[in-house]
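Residue numbering restarts at 1 for every chain, and letters A, B, ... go by the order of the sequence lines.
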Amino acid sequence: MKPFTYERAASPAEAAEAAARRPDSKFIAGGTNLLDLMKLQIEAPAHLIDVNALALDRIEATSDGGLRVGALVRNTDLAADQRVRRDYAVLSRALLAGASGQLRNRATTAGNLLQRTRCPYFSDTNMACNKRRPGSGCSAIDGINRQHAVVGASAACIATHPSDMAVAMRVLDASVQTVNPKGVTRTIPIAELHRLPGDTPNVETVLEAGELITAVTLPKPTGGSQHYRKVRDRASYAFALVSVAAIVQPDGSGRVALGGVAPKPWRLDAADAEMPKGAKAVAGTLFAEARPTEHNAFKLPLAERALASVLAEARG
Amino acid sequence: MASPPQQEIGRRTVIAAAATTAAIGTVPARAQEPGPGAGINAAPLLNVSFTVNGKPRDLELDPRTTLLDALREALHLTGTKKGCDHGQCGACTVLLDGHRINSCLTLAVMHPGTAITTVEGLGSPDHLHPMQAAFVKHDGYQCGYCTPGQICSAVAMLDEIEAGIPSHVTADLDARPQLTSAELRERMSGNICRCGAYSNIVDAITEVAGSKA
């Protein structure tokens, strides 16, 4: 790792103030992704602001019947929360499908959203990567890209977002609360948090420099039958090839978001509207703009079949 | 016939190359991940105090020091192993306030006031922890490198089941998770055994789980 200085913030305001003072800094919470990347020198902050003491580790009911999940709630604790298991089962299921027991015990809600791609060309500093080194090119586009995005990508980057949790958050229409270095707070719909790569794949979210996620809010439960189906190369502890987060209502209407296929959780209103017609119609809409490669074209039928399986299960 | 300047350049190149080789030979193996106090252009050392296996410890560390390196290099508790150093293999698993974590993916300075338990703190050669004894009895290893991580992980994993934490294979999220082989295997997937001793590891954990139930 490159040398860095370290401080522990005691409040969100203190963390924001530290971030304003040190533009070369990064926040660290669970550290399970940041330290991994710092060892590879893909991330090299000169200063770390430890936010673990910020008391953002509670899950609280909101006045409109939803849940406010503190940014520091660990993945294990969020998945195990009785209210989440009962009312937001898709979120529990997605969390439990990700990483390992050890990692879930450290990884936080906000950190999970902000984790970086697992594209092997991003991780290998000998390779060109527009996300890691803007302008250097993309080794994945003509490389071994079986795991890469089939939709929403660009000529500059075809990496996927690796999170399972974020896919469930997207289907639940969660919103993200932040505070910036000036102390100004804002709420960002989860749909708008992650950017599509376009010409600037290095800019992954709409967060400004030093802006800190303080909580993720889940709206009032929607009911319905909730599912998270993850298809991967081994039974456990692997990133998704495709995943399906779905909420299906008794009348056949519902919502669906896909993971493993795009640079962000992939959900379209027009596809949700096709839910009563079945998996083929939904997948057709979700993938209308798909541009798969030779190696990852299998993801289109795989996602459709995973969705068909979920819909069959939902019908009982 | 080669001209003198070319010979001179050639000799310099050779000398420079030899000097580089010598320098590489003398740089400590951990130059990129310095132990306490090591490193060029390192940030100021920081103090951190926590207990390890019940013993209070005060350390002065380069901020870069992972918990794993602090345990092994500063405290000489070498039971905890460095496998991949990237959170993929689980060999570095320790308990942080009773919860299992990958000690390679966290900084030691992030844990003031915590209680850390390593495999050395679970039992001793004369008084093995039941999980250690069960791994011996069931031959839950071959080379043994992943074993300390497996044992720490297994101990905390049974506590997670007891606390009612569900897993990916738990059929009913509202019901108490069961002590099935499928549950144990899923919950232990963060600990890789390259020797493939998995079936004996499951036998060892199952025996301890059964005696707890």
Task: Derivation of the side-chain contact (heavy atoms from CB on, under 4.5 Å) call for B/Leu107 and A/Asp50 - done: CA-CA 10 Å; B/Leu107 299 172; A/Asp50 184 341; over 6 Å; no

Open item on the list: So which atom in B/Leu173 and which in A/Ala89 form the shortest heavy-atom distance, rounded to 0.1 Å?
Closed with: CD1-CB, 3.9 Å

Open item on the list: If I measure from the heavy atoms of chain B, does A/Ala235 come under 4.5 Å with its side chain, its backbone, both, or neither?
Closed with: backbone

TODO: Identify the two heavy atoms, one from A/Ala80 and one from B/Ile165, that lie closest to each other, and give their separation to 0.1 Å.
DONE: CB-CG1, 4.0 Å

Task: Part of B/Ser167 within contact of chain A (heavy atom distance under 4.5 Å) - done: backbone

Open item on the list: If you compare all heavy atoms of A/Tyr6 against all heavy atoms of B/Pro63, which two are closest, and at what distance to 0.1 Å?
Closed with: CB-CB, 4.2 Å

TODO: Can you see which heavy atom on A/Met1 is nearest to which on B/Thr66, and at what distance?
DONE: CE-CG2, 4.1 Å

TODO: Evaluate side-chain contact (heavy atoms from CB on, under 4.5 Å) for B/Leu105 paired with A/Leu34, printing each intermediate quantity in order.
DONE: CA-CA 9 Å; B/Leu105 285 187; A/Leu34 181 59; over 6 Å; no

- [ ] With a 4.5 Å cut-off on heavy-atom pairs, point out which of A/Lys230, A/Arg85, A/Met38, A/Arg234 contacts chain B the most.
- [x] A/Arg85

Task: chain A contact via B/Asp97 - which portion, at a heavy-atom distance below 4.5 Å - done: neither

Task: A/Gln82 and B/Asp174: side chain donor to acceptor below 3.5 Å - done: no

TODO: Using a cut-off of under 4.5 Å on heavy-atom pairs, state which of A/Asp36, A/Asn52, A/Asp81, A/Thr76 scores highest against chain B.
DONE: A/Asp36

Open item on the list: Quick check against the 3.5 Å criterion: does A/Lys39 have a side-chain atom that pairs as donor or acceptor with the backbone of B/His86?
Closed with: no

Open item on the list: Please classify the contact between A/Ser92 and chain B as side chain, backbone, both or neither, with a heavy-atom cut-off of under 4.5 Å.
Closed with: side chain

Open item on the list: Counting heavy-atom pairs closer than 4.5 Å to chain A, which one of B/Met157, B/Gln88, B/His99, B/Arg187 comes out on top?
Closed with: B/Gln88

Task: Straight-line distance of A/Tyr228 OH to B/His168 NE2, nearest 0.5 Å - done: 10.0 Å

Open item on the list: As an exercise, state the distance from CG of A/Leu35 to OG1 of B/Thr106, rounded to the nearest 0.5 Å.
Closed with: 6.5 Å

TODO: Identify the two heavy atoms, one from A/Phe4 and one from B/Arg64, that lie closest to each other, and give their separation to 0.1 Å.
DONE: CE2-CG, 3.3 Å

Open item on the list: To the nearest 0.5 Å, what is the distance between CG on B/Leu95 and CD on A/Gln102?
Closed with: 10.0 Å

- [ ] Kindly say whether B/Ile101 contributes a backbone atom to a donor-acceptor pair with the side chain of A/Arg106 at under 3.5 angstrom?
- [x] no

- [ ] Please say whether more than 12 non-hydrogen atoms of neighbouring residues, nucleotides or ligands are located less than 6.0 Å from CZ in A/Arg305.
- [x] no

Task: Euclidean distance, B/Arg185 CZ relative to A/Ser236 OG, rounded to 0.5 Å - done: 12.0 Å

Open item on the list: Once rounded to the nearest 0.5 Å, what's the spacing between atom CE of B/Met188 and atom OG of A/Ser100?
Closed with: 10.5 Å

Task: A/Arg8 (side chain) donor-acceptor with B/Val109 (main chain) under 3.5 angstrom - done: yes

Task: More than 12 heavy atoms from other groups under 6.0 Å of CZ on A/Arg21 - done: yes

Task: Contacting moiety of A/Ala238, where chain B heavy atoms sit under 4.5 Å - done: neither

- [ ] Could you look at A/Ala79 and say if it's the side chain, the backbone, both or neither that has a heavy atom under 4.5 Å from chain B?
- [x] backbone

TODO: Measure the CD-CZ distance between B/Glu160 and A/Arg104 for me, rounded to the nearest 0.5 Å.
DONE: 8.0 Å

Task: B/Gln132 atom CD, over 12 foreign heavy atoms within 6.0 Å - done: yes

- [ ] State whether the side chain of A/Asn105 and the backbone N or O of B/Arg100 hold a donor-acceptor pair below 3.5 Å, judged by distance alone.
- [x] yes

Task: Toward chain B, the part of A/Leu48 with a non-hydrogen atom under 4.5 Å - done: side chain

